[in-house]
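Data block below; observations after.
As the structure is a prediction and not an experimental result, all values here were calculated from the model.
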Amino acid sequence: MAKPKNCNAKKQSYISVPSQIINSLSSSSLQSLLVSPKKKKSTRFSFGYNSCRSPRVWLLALFLCGLVGMLRLGWNVDTLIHFSPYPCLLTQPKPRLGFASSTHKDGTGDDFLMMANNNSHSHSDSDFWEQPDGMGYRPCLDFSAEYRRANEAIVKDRSRYLLVVVSGGMNQQRNQIVDAVVIARILGAALVVPILQVNVIWGDESEFSDIFDFAHFKRVLANDVRILSSLPSTHIMTRPVEEKRTPLHVSPQWIRARYLKRINREGVLLLRGLDSRLSKDLPPDLQKLRCKVAFQALRFAPPILELGNKLARRMLSKGPYIALHLRMEKDVWVRTGCLPGLSKEYDEIIHNERRRRPELLTARSNMTYHERKLAGLCPLNAFEVTRLLKALGAPRSAKIYWAGGQPLGGKEALSPLTREFPNLCNKEDLALPGELEAFANKASILAAIDYIVSEKSNVFMPSHGGNMGHAIQGYRAYAGHKKYITPNKRHMLPYFLNSSLPEAEFNRIIKELHRESLGQPELRTGKAGRDVTKYPVPECMCTNVQTHTI
């Protein structure tokens, strides 16, 4: 027979309560639960009928029953607290335990890589997050014996120096720096660190070392081109030969014929306006050098890399995410000759700006807006981006990071996106207070942060072509052909305009149109004039079988 409980025994009882619930209770509530009431001296048996009538006892009993019920049902007590240090995310990211904190050469920690890998596997049930078949292509920069034999003489030369001034936005500057290294190699000259021209639109006065890791840049290219931080004292007083009128798509032969005699005579050559001046169809070794500069040497400066990776980790901490490069700024609509499709008021703003400054229009002026639209020459607006993502199977719960400047029309311009995909944010939403202060009014650095977070995404899609979209397309291909959606604007827009088309049929058509536009390997050699930093196969990537044959 079980022994009866001794109600008079003095025992202490402990209740294990989750810290989240303790924090949600007021101090008076805690006191009523945890501080025992004073005992009456005149009563020998304090726990009896009268105790059962006490409201405090009933409150404690109800509380304990509720707690046990919640735990048994597996209810997440995190829902009691909706605070998150990251405005873009629904709940605070949980720390990931057991991951090494070592950092790789690209500034990416092991925990970041494991997080990305875990996300890609844990969401494999969704077709949208599936990655394209890379067909076994891997980076392959196997320079020829002739190229390697010339390295020592080029690196040791002290008679020729190339100065370059690069212009435009950050991604446009990257392209020109790549070409500057190749031109220096063609001329056998040392390259002085490129000068970044102050951007007239954004007023960004950043220098090369503010955006890029100069020491890394110099180290990676040590066997290809001699890189200097400044002209040596022997040439400081030399007046450089300046060239402003380099034609488009020049060949290595043209560069040698035009510049070699002059740089040999004067010692210093200054080039401006390099944008798209170098041919995209170069000998294999120079194509490999372009890839080496773009994908290996041009690494962002440590403070930028650290913050960009930090924001990307915050996005990845809750699963896979999409990165969108939205080209919806006022100047984009003006330059392309297109309209934002927000309202007549905003269309009139664009018309007036274009009439006032006709030189801004870079698109073909003989085409009407509707002709440009149907030809696929206009950026997608937020409504079109939303329909495209939905048709391709993006889940409503998907987290979206949008890169780019503030759109014309502000938040209202993004409302079609936020209605269908509420987890939409940019770097300002994602950063903690003070994290972006050091980069205020630095458009190139802010663009670099967008680049990093976009490159680390599970899926990337630009709303319009451009230097950033092209750079990320090449980088994602070089990283193993990560998913990259290229909107097939010219073929899909007629279906967007067909309001009688059932949604299921619309989705089927859109998926079929984009079946081969998801980042699969695409040969650069299939079309002349393609940039190898956008299409790195086959010059810069090869399969295991082809490693030593290209």
(message) Is there a side-chain contact between Arg174 and Ile177 in this structure, where contact means two heavy atoms from C-beta onward sitting under 4.5 Å apart?
(response) no
(request) Please report the shortest heavy-atom distance between Ala394 and Phe421, naming the atom on each side. (result) O-CE2, 3.7 Å
(request) Could you tell me whether a side-chain N or O of His216 sits under 3.5 Å from a main-chain N or O of Gln296, the two making a donor and an acceptor? (result) yes
(request) State plainly whether the residues Glu455 and Lys482 are in salt-bridge range, i.e. N to O under 4.0 Å. (result) yes
(request) Without swapping roles, check the side chain of Asp204 against the backbone of Ala443 for a donor-acceptor pair under 3.5 Å. (result) yes
(request) Side-chain contact test, heavy atoms from C-beta onward, threshold under 4.5 Å: evaluate it for Ile183 versus Val164 and give yes or no. (result) no
(message) If we ignore hydrogens and angles and just use 3.5 Å, is the side chain of Ser457 paired with the main-chain N or O of Tyr321 as donor and acceptor?
(response) no
(message) Between Arg335 and Glu353, does any side-chain N to carboxylate O distance fall below 4.0 Å?
(response) no
(request) State whether the side chain of Arg138 and the backbone N or O of Met541 hold a donor-acceptor pair below 3.5 Å, judged by distance alone. (result) no
(request) Begin with the C-alpha distance, continue with both residues' side-chain angles, and end with the deciding distance and a verdict on salt bridge (charged side-chain N to carboxylate O under 4.0 Å, His left out) for Glu242 and Arg272. (result) CA-CA 8 Å; Glu242 185 173 357; Arg272 296 179 181 271; 2.6 Å; yes
(message) Please determine whether a side-chain nitrogen of the Lys or Arg among Arg314 and Glu435 lies less than 4.0 Å from a carboxylate oxygen of the Asp or Glu.
(response) yes
(message) Using a 6.0 Å cut-off, check whether atom OH of Tyr369 has over 12 heavy atoms from anything other than its own residue.
(response) yes
(message) Looking at Cys540 and Cys140, are the sulfur gammas closer than 2.5 Å to each other?
(response) no
(message) Could you check whether Phe295 and Tyr478 have their ring centres less than 6.0 Å apart?
(response) yes
(message) Other residues, nucleotides and ligands only: do more than 12 of their heavy atoms fall within 6.0 Å of NZ on Lys330?
(response) no
(message) Does Glu348, at its CD atom, have more than 12 non-hydrogen atoms belonging to other residues, nucleotides or ligands within less than 6.0 Å?
(response) yes
(request) Taking atom CZ of Phe214 as the centre, report whether more than 12 heavy atoms of other residues, nucleotides or ligands fall under 6.0 Å from it. (result) yes
(request) Verify whether the ring centers belonging to Phe383 and Phe496 lie closer than 6.0 Å. (result) no
(message) Which residue in the set Gln287, His249, Arg524 passes side chain to side chain donor-acceptor pair (under 3.5 Å) when paired with Asp281?
(response) Arg524
(message) How about CD on Glu371, more than 12 heavy atoms from neighbouring residues, nucleotides or ligands closer than 6.0 Å, or not?
(response) yes
(message) So which atom in Met328 and which in Trp333 form the shortest heavy-atom distance, rounded to 0.1 Å?
(response) O-NE1, 3.1 Å
(message) Using modelled atom types and a 3.5 Å cut-off, is there a donor and acceptor pairing between side-chain atoms of Arg476 and backbone atoms of Gly519?
(response) no
(request) Using the test side chain to side chain donor-acceptor pair (under 3.5 Å), find all partners of Tyr401 that sit at least two apart in sequence or belong to another chain. (result) Asp450
(message) Under a 3.5 Å distance rule, please check whether Glu384 uses its side chain to pair with a backbone N or O of Asn381 as donor and acceptor.
(response) yes
(request) For Val192, enumerate each residue passing the side chain to side chain contact (heavy atoms under 4.5 Å, CB included) test, keeping only those at least two apart in sequence or located in another chain. (result) Leu163, Leu231
(message) Under 4.0 Å between a side-chain nitrogen and a carboxylate oxygen: does that hold for Lys390 and Glu420?
(response) yes
(message) Under a 4.0 Å threshold between the charged nitrogen and the carboxylate oxygen, would Glu512 count as salt-bridged to Arg515?
(response) yes
(message) For a quick test of reading the model, state the closest non-hydrogen atom pair linking Leu501 to Ile509 and the distance between them.
(response) CD2-CD1, 4.0 Å
(request) Would you check if there is a donor-acceptor pair between the side chains of Asn467 and Asn175 at a distance under 3.5 Å? (result) yes
(message) Does this structure show an ion pair linking Glu522 with Arg530, if we count only N-O contacts that are shorter than 4.0 Å?
(response) yes
(request) Not counting sequence neighbours, which residues clear salt bridge (Lys or Arg N to Asp or Glu O under 4.0 Å) with Asp531? List them please. (result) Arg290
(request) May I ask you to decide if Ile485's main-chain N or O and Ser517's side chain share a donor-acceptor pair within less than 3.5 Å? (result) no
(message) Has Lys483 got a side-chain atom pairing as donor or acceptor with Trp129's backbone, closer than 3.5 angstrom?
(response) no
(request) Kindly give the heavy-atom pair with the smallest separation between Leu523 and Val537, and that separation in Å. (result) CD2-CG1, 3.3 Å
